[in-house]
Student: 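Quick one: the structure is below, and I'll ask about it shortly.
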Amino acid sequence: MANRWLRPEVYPLFAAVGVAVGICGFQLVRNICINPEVRVSKQNRAAGVLENHAEGEKYAENFLRKFSRNRAPEIMPSINSFFADPNRS
């Protein structure tokens, strides 16, 4: 049975599934640990709806969002400008 699934052709499939599971696990842990809307303990759940706009703003405005806000939405700007520049001869 191991020879059937551990062929080199299926390594990319295992890698893709592993990355997907890792991303899902990261998001789950992130939401449970630091999301202000998620309350795990019984005491916090009993508090009801909280008006904690500052905490929500801090969660939503994370480092990556602040870093990428004023940047152009390009992955490789030098290659994009090389092929898109009409003045290039």
Side-chain angles (χ1 to χ4, degrees):
M1 179 99 174
N3 289 339
R4 174 186 248 180
W5 288 102
L6 293 178
R7 291 188 208 160
E9 297 90 30
V10 296
Y11 291 164
L13 179 64
F14 285 149
V17 170
V19 167
V21 168
I23 290 171
C24 290
F26 169 75
Q27 188 64 23
L28 176 72
V29 170
R30 178 178 179 259
N31 279 328
I32 287 177
C33 292
I34 63 173
N35 191 338
E37 295 292 322
V38 176
R39 297 182 196 99
V40 180
S41 69
K42 193 171 190 178
Q43 180 183 8
N44 289 341
R45 287 194 311 265
V49 178
L50 301 176
E51 297 295 329
N52 57 353
H53 297 289
E55 189 178 2
E57 185 75 20
K58 180 182 170 194
Y59 176 77
E61 295 299 321
N62 56 44
F63 169 75
L64 182 61
R65 190 168 287 179
K66 287 178 186 176
F67 176 75
S68 63
R69 178 170 289 131
N70 297 325
R71 302 201 183 279
E74 299 175 323
I75 295 174
M76 298 180 182
S78 59
I79 294 176
N80 288 344
S81 64
F82 177 76
F83 286 111
D85 188 15
N87 297 326
R88 187 177 69 79
S89 2

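Positions are given from 1, in the same order as the sequence printed here. These numbers were taken from a predicted model, which means no experiment stands behind them. In what follows, every heavy atom counts, from backbone to side chain, and hydrogens, waters and symmetry copies are set aside.
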Student: Spell out, yes or no, whether Ile32 and Phe26 are grouped together once hydrophobic residues are joined by side-chain heavy atoms under 4.5 Å, including indirect joins.
Tutor: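 Ile32 does not cluster with Phe26.
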
Student: Hydrophobic clusters here meaning ILVMFWY residues chained together by side-chain heavy-atom distances under 4.5 Å, can you tell me if Val21 and Leu13 are in one?
Tutor: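 Yes, same cluster.
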
Student: Shortest non-hydrogen contact from Lys66 to Glu61?
Tutor: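 Where Lys66 meets Glu61 most closely, the heavy atoms are CE-O, 3.2 Å.
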
Student: Check the hydrophobic clustering (I, L, V, M, F, W, Y; side-chain heavy atoms under 4.5 Å; chains of links allowed) and say if Phe14 and Val19 are grouped together.
Tutor: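 Cluster IDs for Phe14 and Val19 differ.
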
